[in-house]
Structure formats: structure tokens, C-alpha cells
Amino acid sequence: MKFDFTKEPPEIRYRLLSNFVGPRPIALVSTLGKKGANAAPMSFFNVFSHDPAILILGIQKRLDGRDKDTVANIQDTGSFVVNMVDMAIAEGMLICGLSFEPGIDEIATAGLTKRPGVHVPVPSIAESPCVMECVTEQVIDYGPRAIILGKVVHMEVREDCLDDQGRYVNADAYQPIARLHADNYIVPDAQFEMKAPPIDTIIPVSATDQSGDNT
């Protein structure tokens, strides 16, 4: 099947992109607003750069065009925290994603624990295996969506999630869940290692040597 994205409506584009680009990591984003702390899960999220250390969020606006609390809080404070999600806090993440009335503390409602930020005024979630405090670098108003770039200024990882040297992930302990399609998620419990073959064992094919006949 072929889909012309210049003609397909937004709901079709969303369904196709979110179904086939996966798994997508989940950021449980905590922010601080005038009525207290807020947390919301985002699966349009990833690491964008390491130098500088930049994370990226894509947040859809409300149906009436207003910014969601997460975006408004990020613009007000210039900071946010990305809390990675594993199975231990998966249900709490889902609760944080529900549409509560303003003034409700999603973190406490989800049974999770706030912990003061180190370099930002925003609290992190103590139960998260990895938290990244960010200062806002740029908020791009891109039609019905806000694209947010945040610079990581502090990262805290639960000790058992690192190897003995504190350099690499301990895959037995750190298993963040990721979004697939609809209400389907995945954990990396079947990891395997792949290494590229040595380049000197590969016979290169020059683009100018090809006839263009692929039959």
C-alpha cells in the first residue's frame, strides 16, 4: 500500500508513523507550574546530540489550540526533567498520562515520589532508573506541535543500572520500556550483540561500475 502524506489527514499520518517507527523511548517529563509539579509521558522523544547534550520532545497542542501544561511550564521555568520509565513505574507513567483537572499532582496521584532537582527547580521522580535534568534551549512553535530542545545539565543513574566500572549499561537491571503501536509496549529483554565485519573483508562496488540493470 502507498500513502501520499501530502494528502492524508493527520490521524492517518499519526497512526502510520507511530505504528511503524518503533520502538520509541518514553520520557516521563516532569515540570513545575504555578499550581505545583506536573508529569506527563511523551513517546515523541529522543536524544538529539551529545555535544552539546540535547534531548528533543515533540508535544501536540490541545484540540482547542492551547499549549498543554508541560509546554507552558517549560516556557515559564526554562527547565524540565526527563525520567526514563521501566516496568517498576510503568503503571505510574500511564496514570500520569490521564487527563486530570488543573492543580492535580500527577506524580503523587500515581504513587511516585518527587525528589528535588540538583541544577533545576523541577523535581525528578525518585523511582526512575535514570533522570536527566534539562534547561530549555529552544521551543519551536511548529503549527499544532511544540518541538522542544533541552540541554542536559545533570544526569543521575541508579547504581545497579551500570556495570562495575560505571561506564556502560547493565542490561540485566536497566530495561526501559518503549512504545510500539496503540497500547503495545516492549522491553529490551532479548538483547543481542552485532558487530560490523572488518572493512577489508568487504568487496566494494563502485556506483559508476553499475549498469543500472537490477534484473
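All of these numbers come straight from a predicted model, not from anything done at the bench.
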| request: I would like to know whether N83 and S30 meet side chain to side chain donor-acceptor pair (under 3.5 Å); could you show each step before the answer? | output: CA-CA 7 Å; N83 305 273; S30 52; 3.1 Å; yes
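- In the hydrophobic cluster analysis, where Ile, Leu, Val, Met, Phe, Trp and Tyr join through side-chain heavy atoms closer than 4.5 angstrom, F80 is grouped together with V47.
- Shown here is K61, whose NZ atom has more than 12 heavy atoms of other residues, nucleotides or ligands within 6.0 Å.
- No side-chain donor from either of S124 and E156 sits under 3.5 Å from a side-chain acceptor of the other.
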| request: For side chain to side chain contact (heavy atoms under 4.5 Å, CB included), just list the numbers for Q60 and Y14, CA-CA rounded to whole Å, side-chain angles, deciding distance to a tenth of an Å, and then say yes or no. | output: CA-CA 11 Å; Q60 191 78 13; Y14 171 81; over 6 Å; no
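- Remark: the backbone N or O of P198 is paired with a side-chain donor or acceptor of T201 at under 3.5 angstrom.
- Checked options D76, N73, D69; the residue passing with K34 is D76 (criterion: side-chain hydrogen bond (donor to acceptor under 3.5 Å, both in side chains)).
- Within 6.0 Å of atom CD1 in I199, 12 or fewer heavy atoms from other residues, nucleotides or ligands are found, so the atom counts as exposed in its surroundings.
- No donor-acceptor pair under 3.5 Å is formed between the side chain of R24 and the backbone N or O of A178.
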| Audit row: V81, M132, side chain to side chain contact (heavy atoms under 4.5 Å, CB included) steps and yes/no | CA-CA 6 Å; V81 177; M132 290 169 279; 6.0 Å; no
| task | Let me see the working for T113 and I125 under side chain to side chain contact (heavy atoms under 4.5 Å, CB included), right down to the final yes or no. | result | CA-CA 6 Å; T113 309; I125 294 175; over 6 Å; no
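- No more than 12 heavy atoms of other residues, nucleotides or ligands sit less than 6.0 Å from atom CD of E159.
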| request: Could you check I54 against E137 for side chain to side chain contact (heavy atoms under 4.5 Å, CB included), going step by step and ending with a plain yes or no? | output: CA-CA 8 Å; I54 300 293; E137 285 288 292; 3.9 Å; yes
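- Looking only at distances, a side-chain donor or acceptor of N170 sits under 3.5 Å from a matching main-chain atom of D160.
- Hydrophobic clustering, with ILVMFWY side chains joined whenever heavy atoms are under 4.5 angstrom apart, keeps L28 apart from L55.
- Between the CG atom in D86 and the SG atom in C130 there is a gap of 10.5 Å [rounded to 0.5 Å].
- Not a single donor-acceptor pair under 3.5 Å links the side chain of N19 to the backbone N or O of L16.
- Stacking of R145 on the aromatic ring of F44 is recorded, both the 6.0 Å distance cut-off and the 45° axial limit being met.
- Pairing each heavy atom of E127 with each of G111, the nearest pair is OE2-O, 4.3 Å.
- Smallest separation of non-hydrogen atoms from G22 and L180: C-CD2, 4.5 Å.
- P176 has its side chain within reach of P188: a pair of non-hydrogen atoms, C-beta onward, lies under 4.5 Å apart.
- Annotation for N184: atom CG counts as buried by contact number, over 12 foreign heavy atoms lying within 6.0 Å.
- At a threshold of 4.5 Å between non-hydrogen side-chain atoms, the residues P41 and L94 do not count as touching.
- The number of heavy atoms from other shown groups lying within 6.0 Å of CZ (F5) is above 12.
- Taking CE of M84 as the start and CD of Q175 as the end, the distance is 13.0 Å to the nearest 0.5 Å.
- Counting heavy atoms from C-beta on, the side chains of C161 and P129 come closer than 4.5 Å.
- Crowding of F3 atom CZ: a count of heavy atoms from other residues, nucleotides or ligands under 6.0 Å exceeding 12.
- In this structure, V122 and T31 approach most closely via the heavy-atom pair CG1-CA, 3.5 Å.
- When atom types are taken as modelled, the side chain of E133 and the backbone of H119 share a donor-acceptor pair closer than 3.5 angstrom.
- Side-chain heavy atoms closer than 4.5 Å link hydrophobic residues (I, L, V, M, F, W, Y) into clusters, and following such links, possibly through other members, connects V152 to M42.
- Hydrophobic clustering, with ILVMFWY side chains joined whenever heavy atoms are under 4.5 angstrom apart, keeps V85 apart from V131.
- At distances below 3.5 Å, at least one donor-acceptor pair connects side-chain atoms of D163 with backbone N or O atoms of R167.
- Taking CD1 of I56 as the reference point, atom CD1 of I147 lies at 6.0 Å (rounded to 0.5 Å).
- Across E106 and A39, no two heavy atoms sit closer than the pair OE1-N, 3.7 Å.
- Between L17 atom CG and H181 atom NE2 the span is 15.0 Å, to the nearest 0.5 Å.
- To the nearest 0.5 Å, atom CD1 of residue I74 and atom CG of residue L57 are 6.0 Å apart.
- Checking side-chain atoms of R13 against main-chain N and O of E8 turns up a donor-acceptor pair under 3.5 Å.
- Within the 3.5 Å criterion, the main-chain N or O of A72 finds no donor-acceptor partner in the side chain of Q75.
- Residue-environment remark: CZ (F48) stays at or below the threshold of 12 foreign heavy atoms within 6.0 Å.
- The cluster map of Ile, Leu, Val, Met, Phe, Trp and Tyr, joined by side-chain heavy atoms under 4.5 Å apart, puts V120 and L149 in different clusters.
- Looking at every heavy atom in both residues, M87 comes nearest to I177 through SD-CG2, 3.5 Å.
- For the atom pair CD1 of I95 and CD1 of I89, the computed distance is 11.5 Å after rounding to the nearest 0.5 Å.
- The two residues T136 and S79 have their closest heavy-atom pair at OG1-N, 3.3 Å.
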